[in-house]
Amino acid sequence: MSRLQVVSGKGGTGKTTVAAALALALATEGKRTLLVEVEGRQGIAQLFETEALPYEERKIAVAPGGGEVYALAIDPELALLDYLQMFYKLGSAGRALKKLGAIDFATTIAPGLRDVLLTGKACEAVRRKDRSGRFAYDYVVMDAPPTGRITRFLNVNDEVAGLAKIGPIHNQAQAVMRVLKSPETAVHLVTLLEEMPVQETVDGIAELRSARLPVGRIIVNMVRPEVLDAADLELVRTVPRSTVARSLSSAGLGGARRGGRAERLVDPLLTQAEEYAERYTLEHDQRAVLTELGLPLHELPLFAEGMDLAGLYELARELREQGVS
């Protein structure tokens, strides 16, 4: 299992939820996982029902078996201050630059630099070791930008090409790319069984492969339970209405007489079955498209009542049972 797990997906697919569940799954049995947020939305804090994350690594959860999940919300400005201190030893001068707005100015006019800082912080956590020589974290999980931006975000070597050909920025980008394009990294894409998210997933995988970035798994989120299978749906299409009415009557849902309650239920019931059949066909077709991509495919259930902390642990259990840990 790669030590840097990058999670992306089309907006609305629940990529932050999947990233959080993956961090919990990987932390099982005594492992330590760092969950990194790079978009400044504080989505991780909301999922774990804790206060907003500062720019520091903070323990936010304990996984089954005693593992620990830490979280970090990366602030590009503060990351740049770290960078300036690391390479140029600016100290208080760096803080003065921040007060003058120079840090925000730098990351705004050079968005490639911003991506270097964000990915660089995550890669530093991957490489970091303690005094005994052990890695500080067994895994680092990044809640990354959406699929439409993920390749450009990760391909920081190209991003900084116009900024610096040599020097610390160039060297930092090269070090980051050595991690991102190595077996240490896997980029997972989260999708739904719907046409637009699936198509964006297909396009995203093609772009990642073209950039020689390591594609990991496809995780289908919010999968509805199967109520009727193909045989049931064929029966719905062919069974006479009178037979349905008699079955409803036998189940105690109104008398069998013409115009009775059972007969009035037939049309709404068959309409609902037709709508389900359309959705079933769509989902079956989209699942086939994803299968053709030749990547490990995992499915996570829909929580009809919404996601809470208990649901997050349930998703982590699902991922472990499917071998994603």
Going through the distances and angles, do Arg224 and Glu283 end up as a salt bridge (Lys or Arg N to Asp or Glu O under 4.0 Å)? CA-CA 10 Å; Arg224 298 179 179 90; Glu283 293 179 350; 3.2 Å; yes
Would you find a donor on one side and an acceptor on the other, under 3.5 Å apart, between the side chain of [X] and the backbone of [Y]?
X	Y	answer
Gln5	Ser2	yes
Thr185	Lys181	no
Thr147	Gly204	no
Gln42	Leu53	yes
Asp75	Tyr55	no
Lys15	Leu189	no
Ser182	Val179	yes
Thr119	Asp115	yes

Could you check whether [X] pairs with [Y] (Lys NZ or Arg NE/NH1/NH2 to Asp/Glu carboxylate O, under 4.0 Å)?
X	Y	result
Glu124	Arg128	yes
Glu57	Lys121	no
Arg287	Glu299	yes
Glu68	Lys31	no

Approximate separation, where rounding is to 0.5 Å, of [X] [atom1] and [Y] [atom2]:
X	Y	atom1	atom2	value
Asp130	Arg32	CG	CZ	8.5 Å
Asn155	Arg152	CG	CZ	10.5 Å
Phe153	Leu213	CZ	CG	11.5 Å
Asp138	Leu26	CG	CG	9.5 Å
Met222	Thr191	CE	OG1	9.5 Å
Gln322	Leu319	CD	CG	6.5 Å

Do the numbers put Arg3 on top of the ring of Phe135, so that NZ or CZ is under 6.0 Å from the six-membered ring centre and no more than 45° off the axis? yes
In one Ile/Leu/Val/Met/Phe/Trp/Tyr side-chain cluster, 4.5 Å: [X], [Y]:
X	Y	answer
Leu297	Leu192	no
Leu35	Leu312	yes
Leu309	Leu315	yes
Val126	Tyr137	yes

From CA spacing to verdict: side chain to side chain contact (heavy atoms under 4.5 Å, CB included), Val202, Leu293: CA-CA 8 Å; Val202 172; Leu293 294 171; 4.1 Å; yes
List the atom of [X], the atom of [Y], and the distance in Å for their closest heavy-atom pair.
X	Y	value
Ala52	Ala45	CA-CB, 4.1 Å
Leu180	Cys123	CD2-SG, 4.0 Å
Ile60	Phe48	CD1-CD1, 3.4 Å
Ser8	Pro146	OG-C, 3.2 Å
Leu154	Met177	O-SD, 3.4 Å
Ala71	Ile44	CB-CG2, 4.1 Å

Pairing donors with acceptors under 3.5 angstrom, does anything connect the side chains of Thr16 and Asp143? yes
Residues Leu300, Val223; criterion side chain to side chain contact (heavy atoms under 4.5 Å, CB included); working and verdict: CA-CA 6 Å; Leu300 296 176; Val223 177; 6.0 Å; no
Taking side chain as C-beta onward, heavy atoms only, is [X] less than 4.5 Å from [Y]?
X	Y	answer
Glu184	Arg178	no
Lys10	Pro197	yes
Leu22	Tyr139	no
Val38	Pro145	yes
Tyr313	Leu24	yes
Leu282	Leu193	no
Val18	Asn221	yes
Leu34	Val69	no

Quick one, Arg320 with Thr28, criterion side chain to side chain contact (heavy atoms under 4.5 Å, CB included). Give me CA distance, side-chain angles, the key distance, then yes/no. CA-CA 9 Å; Arg320 290 196 303 273; Thr28 303; 3.0 Å; yes
More than 12 foreign heavy atoms under 6.0 Å from CD of Glu56: is that the case here? yes
Go through the steps for Glu194 and Arg279 under the test salt bridge (Lys or Arg N to Asp or Glu O under 4.0 Å), then give the verdict. CA-CA 9 Å; Glu194 299 173 4; Arg279 194 185 80 204; over 6 Å; no
Among Arg217, Glu321, Glu318, side-chain hydrogen bond (donor to acceptor under 3.5 Å, both in side chains) partner for His298: Arg217
Begin with the C-alpha distance, continue with both residues' side-chain angles, and end with the deciding distance and a verdict on salt bridge (Lys or Arg N to Asp or Glu O under 4.0 Å) for Arg149 and Glu39. CA-CA 12 Å; Arg149 296 198 295 115; Glu39 295 186 282; 3.6 Å; yes
Assess whether side chain to side chain contact (heavy atoms under 4.5 Å, CB included) is satisfied between Val187 and Val215, documenting all intermediate values. CA-CA 5 Å; Val187 185; Val215 183; 5.5 Å; no
